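Contents: one structure, followed by commentary.
Computation of the quantities below employed the complete heavy-atom set of this structure, encompassing side-chain atoms and omitting hydrogens, waters and symmetry-equivalent molecules. Just so you know, these numbers come straight off a predicted model, no measurement behind them.
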Amino acid sequence: MPRPRASRLDPERRQTLLAVAAEEFAEHGFDWASYNRILERAGFSKGVAYYYFEGKDDLYAAVLALTLDTLAQRFGAWQRPADADGFWHTLRERYFALTTHIVNDERSARLLRSMSQARTHPKLQEAWLRFEGPLVAWFQRVLADGRALGAVRGDVPESLLLTSLMGIGQATDGWLLEQWAHSGVPALQRGAEQVFSLFEDLLVPRPVGPPPAKRR
């Protein structure tokens, strides 16, 4: 993680370094990004860079934190809606605000594609876990509010819903970005509608009634 003294780095120089690093990681991914190229383009010597950051993985973690902070701002703080209809309206609004942000910020989109690597890369596990916690907490609050409003099913454990929701999200993030890369914005928008319908299929309460007859 960034050294404590990293907070004392001149804000303008820090912004320059993180912007250059974000472009490098977005273009090449973590493994193929060049730490030396980042430092050269940002105007940092290795000695100065290592004074503030432990290495390439540390710098990637800082870029990841900045990217996720930006996304969190797009989502906004979750406030419980007044009713079930408001719940689904708000959740849909937040989801498609994120899609719009991705369309308008190609670098963030490429960074998001590379983030799938952070979930499984041995050098990036610590970095990813630091940011996965707040993300999980956000979804836990959404699910809890949805259940309280009758907007989310209560017939299965919340932990199972959370695990399934996170799994669908992680699996479809990369798929959506591939749709965009290969077929453009209309494909991304169609795909986002399809993904959101998967969320609805998973979470919307099931009709109350007798269980289906067992097949003989």
Please name all residues satisfying salt bridge (charged side-chain N to carboxylate O under 4.0 Å, His left out) with [X], sequence neighbours left out, ordered by chain then number.
X      : answer
Asp155 : Arg153
Arg190 : none
Glu27  : Arg110
Glu193 : Arg92

Nearest 0.5 Å please: distance from the [atom1] atom of [X] over to the [atom2] atom of [Y].
X      : Y      : atom1 : atom2 : answer
Ser164 : Leu203 : OG    : CG    : 9.0 Å
Phe196 : Thr172 : CZ    : OG1   : 12.0 Å
Met166 : Leu161 : CE    : CG    : 13.5 Å
Leu202 : Ile168 : CG    : CD1   : 5.0 Å
Lys56  : Asp31  : NZ    : CG    : 6.0 Å
Arg14  : Leu66  : CZ    : CG    : 8.0 Å

Taking the side chain as everything from C-beta on, heavy atoms only, tell me whether [X] gets closer than 4.5 Å to [Y].
X      : Y      : answer
Leu176 : Thr99  : no
Val152 : Val142 : no
His28  : Arg37  : yes

[X] and [Y]: which non-hydrogen atoms are nearest, and at how many Å?
X      : Y      : value
Leu149 : Asp83  : CD1-O, 3.8 Å
Leu165 : Phe199 : CD1-CD2, 3.5 Å
Ala42  : Thr16  : O-CG2, 4.1 Å
Trp32  : Glu24  : O-OE2, 4.4 Å
Pro205 : Gly150 : CG-O, 3.5 Å
Trp175 : Gly191 : CZ3-CA, 3.7 Å

Stepwise side chain to side chain contact (heavy atoms under 4.5 Å, CB included) test for Asp173 and Val195: CA-CA 9 Å; Asp173 284 350; Val195 170; over 6 Å; no
Evaluation steps, ring pair (Phe, Tyr, Trp, His ring centres under 6.0 Å), between Phe87 and Trp78: CA-CA 10 Å; Phe87 173 88; Trp78 176 261; 5.7 Å; yes
By side chain to side chain contact (heavy atoms under 4.5 Å, CB included) - contacts of [X] (at least two apart):
X      : value
Asp105 : His101, Arg107, Ser108
Asn36  : Ser34, Lys46
Glu178 : Arg113, His182
Val48  : Arg13, Phe44, Ser45, Tyr52

Near-ring test Trp88/Tyr95, centroid separation under 6.0 angstrom: no
Pair Tyr60 + Tyr35: ring centers closer than 6.0 Å: no
Candidate pair Gln189 and Val185, rule side chain to side chain contact (heavy atoms under 4.5 Å, CB included), full reasoning: CA-CA 6 Å; Gln189 293 171 334; Val185 172; 3.6 Å; yes
Other residues, nucleotides, ligands: >12 heavy atoms within 6.0 Å of His89 NE2: no
Residue pairs fulfilling salt bridge (Lys or Arg N to Asp or Glu O under 4.0 Å) with at least one residue in residues 134-145, sequence neighbours excluded: Arg80-Asp145
Under 3.5 Å donor-acceptor, Arg206 side chain and Val204 backbone: yes
Side chain to side chain contact (heavy atoms under 4.5 Å, CB included) assessment of Gln79 paired with Thr90: CA-CA 9 Å; Gln79 301 291 333; Thr90 301; over 6 Å; no
